[in-house]
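Per chain, numbering begins at 1; letters A, B, ... match sequence-line order. Quick note: numbers below take in every heavy atom, side chains included, and nothing from hydrogens, waters or symmetry partners. Because the structure is a prediction, the values reported are computed rather than measured.
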Amino acid sequence: MIIKILEEIINKVFKENGYMEQISIIKSNRSDLGDYQCNDIFKIAKLYHKNPLEIGEEIVAKINNLTFFKDYFKEVTFIKPGFINIIISDNLINELLNKMLKDDHFNLEKVTKKELYFLDYGGPNIAKPLHVGHLRTAIIGEAIKRIIKFKGHDVISDVHLGDYGLQIGEVIYGLLNDKVTDITLDYLTEIYPKMNKLCKEDDNVLKACSQITKELQEGNITYQNLWKKICEVSIKDIKRMYNYLGVSFDLWQGESDSYKYIEPLTKILEAKNLLKESENAKIIEVKLATDTKEMPPLIYQKSNGAYLYGTTDLATIYERFTKYHPDHILYVVDARQSLHFEQVFRVCSKCGIDINLEHLGYGTVNGSDGKPFKTRSGDTIKLDDLFKQVKEIFINTKATNKDMNNQDLDIIVNAIIKFADLQNNREKDYIFDPLKFSNVVGKTGPYILYTYLRINKILKSENLTIEQLNTTIYNNNDRDLRIKLLELSLSIDSAFKEKRPNYIAEYIYDICVLNNIFYQTNHINNLEDLAKKQQWLLLLTLSNKLLKELLNLLMIEIPSQM
RNA sequence: GCGCUCGUAGCUCAGCUGGAUAGAGUAUUUGGCUACGAACCAAAGGGUCAGGGGUUCAAAUCCCUUCGGGCGCACCA
């Protein structure tokens with residue numbers, strides 16, 4: 001909001017001088033020279049064939065002559081070859097902070113048009129416990145959901161289980177083959193990788209599994225009953241894990257739920273003459289005349305009659321389109337599936353399904369060798385084990401807090417893992433290092449929580465009696481913190497726009513660093529200047545209130561102690 | 001073969017709608033607890049932003065190219 005105010009004033013000055021282009025103000029990258037800066041003099045100069053020096057000096061002189069200059073600025077200067085540096089007034093800072101204090105949504109601008117987002121993340125497979133790969137989609141997806149809501153839009157989230165594909169056929173084959181009657185989680189955990197391997201080795205087994213899958217999809221009673229049992233056992237465990245992560249979904253649909261929409265969808269596709277036969281399978285061509293790259297068709301129905309996930313994804317979009325009319329459908333899915341989504345999205349546009357479809361890819365979780373992460377025994381690490389491992393390391397490193405209760409421990413372990421993951425740019429692969437995920441010093445979850453609790457302790461020990469800040473700022477550390485708090489909308493907006501939670505993580509960290517510096521240099525409890533004490537208490541109250549709200553966006557809770 | 005993606009400090013990563021002196025954490029060296037919690041703070045060293053070319057007043061950021069890593073390309077998800 002601070003940037004917007006500055007832009008409004010300065011744009012007006014530009015316009016009054018005959019320069020009609022919108023200019024923008026950005027955070028200064030030279031904090032020794034100013035709080036904010038404008039670099040657009042160069043562009044204006046070029047457009048009007050003028051010397052940047054001339055324009056800059058002209059504009060800055062005008063700004064300095066504004067009647068209300070002192071209300072907004074401490075200093076506005078022009079520096080060669082074409083930068084306007086702005087130092088804002090303490091008055092403005094405090095006025096805006098007071099607005100944040102009064103408003104229950106931190107004085108953030110409300111969205112003018114509320115939109116409905118459909119968010120598809122999670123996507124765990126039935127019959128497979130959640131592993132480290134599921135961590136990213138779950139927490140990135142949940143964070144994006146919370147950011148969109150915080151911004152003021154509506155979201156419907158769907159876990160979208162992988163519950164009807166070949167993997168189920170494989171598990172059922174295994175069950176029948178092993179003559180298993182009591183389906184347990186342990187059994188499922190074991191059978192899936194086994195069958196997966198077997199199918200890769202033995203083509204006949206693969207064919208049999210594929211046949212089972214097809215018959216299941218067609219309603220075979222025996223398979224249906226087994227499938228229901230598998231779902232029941234598996235979903236219970238998946239829910240337990242999501243619950244532990246603080247991740248929740250509005251819908252618990254899966255591929256299987258889309259089946260009743262395949263028929264109407266097929267009719268549309270047929271009416272538009274999009275379905276083609278090829279090698280006994282039904283396909284949809286998605287190649288465009290403008291393509292320079294190879295673009296394989298989407299396989300709509302396999303030659304044996306079974307459907308694949310391209311089809312269920314399409315049917316699901318059709319369902320959401322007709323039922324909910326969302327403005328956007330976002331998929332938080334591994335970046336390696338980008339081709340699949342491009343195919344699906346192209347079919348949608350051919351069908352006239354007019355929704356903004358977007359694949360929000362995320363990078364692979366790799367081990368230190370740069371290959372997808374595996375445990376020493378070569379398996380993917382289960383989420384349960386990951387959390388257990390981090391918890392153990394944490395308990396062993398922090399020997400001083402033996403009395404910490406289990407709930408607080410879980411909160412901290414969650415914070416460690418989530419903050420370690422979410423501070424990365426989601427689009428890039430990253431190295432999964434158990435040690436990094438257990439670290440408690442530096443740019444970590446514990447650092448954030450520790451800062452919050454330290455500040456909170458001061459607040460609890462003192463009595464806050466004021467509701468508004470006066471016009472004073474007492475020193476530079478104080479000022480830096482105040483300005484950082486004003487920049488909330490910068491981080492929210494960029495995180496929302498690019499659907500990247502790491503901007504929020506970065507902002508949280510920045511606030512905490514400034515809080516720590518403030519804490520270290522400004523002692524509050526024994527202050528004799530009671531007015532100053534109250535001002536600072538109020539400032540820290542706002543800071544911690546904001547922190548808590550932002551941490552919530554990243555699913556990080558606050559422990560009672562640490 | 002076609003295409004996508006990445007390469008930034010010893011290590012792990014930010015920064016990428018182009019802006020002034022490229023930032024964190026960690027590791028290394030050093031200083032700070034009789035303190036509202038030292039899981040902290042302060043300081044130092046550490047960089048040809050993979051190489052080369054181009055566009056621009058200005059490039060880590062945009063374009064081209066070479067090299068190097070990862071990934072995807074018809075009946076898995």
Side-chain angles (χ1 to χ4, degrees), chain A residues 24 26 28-30 32-33 37-40 42 45-46 52 79-83 85 123 125 162 165-167 169-170 196 199-200 206 209-210 213 255 278-283 291-304 306-310 312-313 333-340 342 361 363-364 366 368 370-372 397-398 400-401 420 423-425 427-431 433 435-436 439-444 446-447 449-451 453-462 497-498 502-503 505-506 509-510 513 516-517 519-527 561-562:
Chain A
S24 51
I26 58 171
S28 177
N29 47 26
R30 287 288 303 270
D32 54 323
L33 299 177
Q37 60 177 316
C38 171
N39 306 324
D40 292 351
F42 293 110
K46 197 166 198 180
I79 292 185
K80 284 190 279 187
F83 301 100
N85 287 313
N125 278 338
L166 180 63
Q167 79 277 16
E170 292 179 3
N196 205 352
C199 281
K200 274 181 193 151
L206 178 63
C209 293
S210 193
T213 309
E255 294 168 332
S278 173
E279 297 171 33
N280 291 324
K282 282 189 182 155
I283 62 160
D291 279 339
T292 52
K293 57 185 176 185
E294 292 166 15
M295 177 55 71
L298 182 139
I299 296 175
Y300 191 72
Q301 191 173 21
K302 290 184 14 171
S303 48
N304 79 345
Y307 292 103
L308 300 167
Y309 81 139
T312 59
D313 273 359
V333 179
D334 194 313
R336 284 175 293 188
Q337 294 198 32
S338 58
L339 179 61
H340 162 74
E342 188 162 9
T364 315
N366 289 332
S368 50
K371 301 247 164 70
T397 45
K398 301 321 291 179
T400 47
N401 287 312
Q423 66 177 289
N424 291 308
N425 180 337
E427 288 170 280
K428 289 207 216 173
D429 294 352
Y430 79 101
I431 308 263
D433 176 4
L435 284 176
K436 179 186 175 184
N439 201 7
V440 299
V441 290
K443 196 171 181 177
T444 63
Y447 174 85
L449 297 178
Y450 173 76
T451 310
L453 289 179
R454 280 202 333 188
I455 300 293
N456 210 32
K457 202 157 197 179
I458 303 175
L459 296 174
K460 274 187 181 160
S461 68
E462 297 285 343
K497 197 173 148 210
E498 295 176 45
N502 66 308
Y503 289 128
E506 192 66 36
Y509 178 70
D510 286 348
V513 168
N516 266 311
I517 296 171
Y519 177 95
Q520 212 84 22
T521 49
N522 300 302
H523 207 272
I524 290 186
N525 274 7
N526 50 17
L527 265 182
Q561 59 159 336
M562 46 190 303

Residue A:Arg454, side-chain heavy atoms: nucleotide from B:rG25, B:rA38, B:rG19 that is nearest: B:rA38

Side chain A:Gln37 and base B:rA20 donor-acceptor under 3.5 Å: yes

Validation row: A:Tyr430, A:Asn425 side chains within 4.5 angstrom (heavy atoms): no

Spacing of the C1' atoms in B:rU61 and B:rA20 (rounded, Å): 16 Å

Candidate nucleotides B:rC36, B:rC41, B:rC73, ranked by approach to the side chain of A:Glu294 - the nearest: B:rC73

Touch class at under 4.0 angstrom, heavy-atom based, for A:Asn502 against every strand present: sugar-phosphate

Side-chain donor/acceptor of A:Tyr450 to base of B:rA39, under 3.5 Å: no

Rounded distance (Å) that lies between atom P of B:rG25 and atom CG of A:Asn424: 16 Å

B/S/- contact track for nucleotides 54-66 of chain B, protein heavy atom under 4.0 Å: --SB---------

Residue A:Asn439, side-chain atoms from C-beta onward, closest of B:rA20, B:rU26, B:rC36: B:rU26

No-hydrogen, no-angle side-chain donor-acceptor test under 3.5 Å, A:Asn439 and A:Thr444: no

Touch class at under 4.0 angstrom, heavy-atom based, for A:Ile431 against every strand present: sugar-phosphate

Span that lies between the P atom of B:rA14 and that of B:rU8, in whole angstrom: 11 Å

Rounded distance in Å - NZ (A:Lys302) to P (B:rC75): 9 Å

N/O donor-acceptor pair, side chain A:Ser278 with base B:rA74, under 3.5 angstrom: yes

Out of B:rG37, B:rG70, B:rA77, whichever nucleotide has its closest atom nearest the side chain of A:Gln167: B:rA77

Nearest-Å distance for atom pair CG/P, residues A:Asp334 and B:rU5: 15 Å

N/O donor-acceptor pair under 3.5 Å between A:Ser210 side chain and A:Leu206 backbone: no

B:rG3 versus B:rA44 - spacing of their C1' atoms, nearest Å: 47 Å

Touch class at under 4.0 angstrom, heavy-atom based, for A:Asp429 against every strand present: sugar-phosphate

Whole-Å gap separating C1' (B:rA39) and NZ (A:Lys443): 17 Å

Sugar-phosphate, base or nothing in reach of A:Ser303, heavy atoms under 4.0 Å: base

Rounded C1' spacing from B:rG45 to B:rA27 in Å: 12 Å

A:Asn516 versus A:Tyr447, side-chain donor and acceptor atoms under 3.5 Å: yes

Side-chain heavy-atom pair A:Glu170, A:Thr213 within 4.5 angstrom cut-off: no

Sugar-phosphate only, base, or nothing, as touched by A:Glu279 at under 4.0 Å among non-hydrogen atoms: base

Touch class at under 4.0 angstrom, heavy-atom based, for A:Asp40 against every strand present: nothing

Selection from B:rC73, B:rC36, B:rC40 that lies nearest to any side-chain heavy atom of A:Ile458: B:rC36

Touch class at under 4.0 angstrom, heavy-atom based, for A:Asn85 against every strand present: base

A:Glu462 side chain vs A:Ile524 backbone, donor-acceptor pair below 3.5 Å: no

Sugar-phosphate, base or nothing in reach of A:Leu33, heavy atoms under 4.0 Å: base

Touch class at under 4.0 angstrom, heavy-atom based, for A:Ile283 against every strand present: base

Sugar-phosphate, base or nothing in reach of A:Glu506, heavy atoms under 4.0 Å: sugar-phosphate

Nearest-Å distance once atom C1' is located in both B:rG52 and B:rA60: 16 Å

Shortest side-chain distance from A:Ile299, nucleotide among B:rC75, B:rG37, B:rC40: B:rC75

Side-chain N,O (A:Asn125) to OP1/OP2 (B:rA77) below 4.0 Å: no

Sugar-phosphate, base or nothing in reach of A:Gln337, heavy atoms under 4.0 Å: base

Distance, P atom - from B:rU26 to B:rU17, rounded to whole angstrom: 28 Å

P-based separation of B:rG72 from B:rA77 [nearest Å]: 16 Å

Rounded distance in Å between the P positions of B:rU29 and B:rA35: 28 Å

For A:Tyr519, side-chain hydrogen bond (donor to acceptor under 3.5 Å, both in side chains) partners two or more places apart: none

Nearest-nucleotide pick for A:His523, side chain only, options being B:rC75, B:rA35, B:rC13: B:rA35

CA sep, side-chain torsions, deciding dist, call: A:Val513, A:Asp510, side chain to side chain contact (heavy atoms under 4.5 Å, CB included): CA-CA 5 Å; A:Val513 168; A:Asp510 286 348; 5.6 Å; no

Closest-nucleotide ordering on RNA chain B, the 5'-leading residue of A:Phe83 and A:Val441: A:Phe83

Residue pair A:His340 / A:Val333, side-chain heavy-atom distance below 4.5 Å: no

Sugar-phosphate only, base, or nothing, as touched by A:Tyr519 at under 4.0 Å among non-hydrogen atoms: base

Interatomic spacing from OG1 in A:Thr364 to CD1 in A:Ile431 - rounded to 0.5 Å: 11.0 Å

Position toward the 5' end of RNA chain B (nearest nucleotide), A:Ser461 or A:Asn516: A:Ser461

Cation-pi check, A:Lys443 onto A:Tyr509 ring (under 6.0 Å, within 45° of axis): yes

Stacking of A:Tyr447 on B:rA39 base (centres under 5.5 Å, planes under 30°): no

Sugar-phosphate only, base, or nothing, as touched by A:Tyr300 at under 4.0 Å among non-hydrogen atoms: nothing

Among B:rC2, B:rU17, B:rG72, the one nearest A:Leu339 by side-chain distance: B:rG72

Sugar-phosphate only, base, or nothing, as touched by A:Asn39 at under 4.0 Å among non-hydrogen atoms: base

Candidate nucleotides B:rC41, B:rG7, B:rG19, ranked by approach to the side chain of A:Lys428 - the nearest: B:rG7

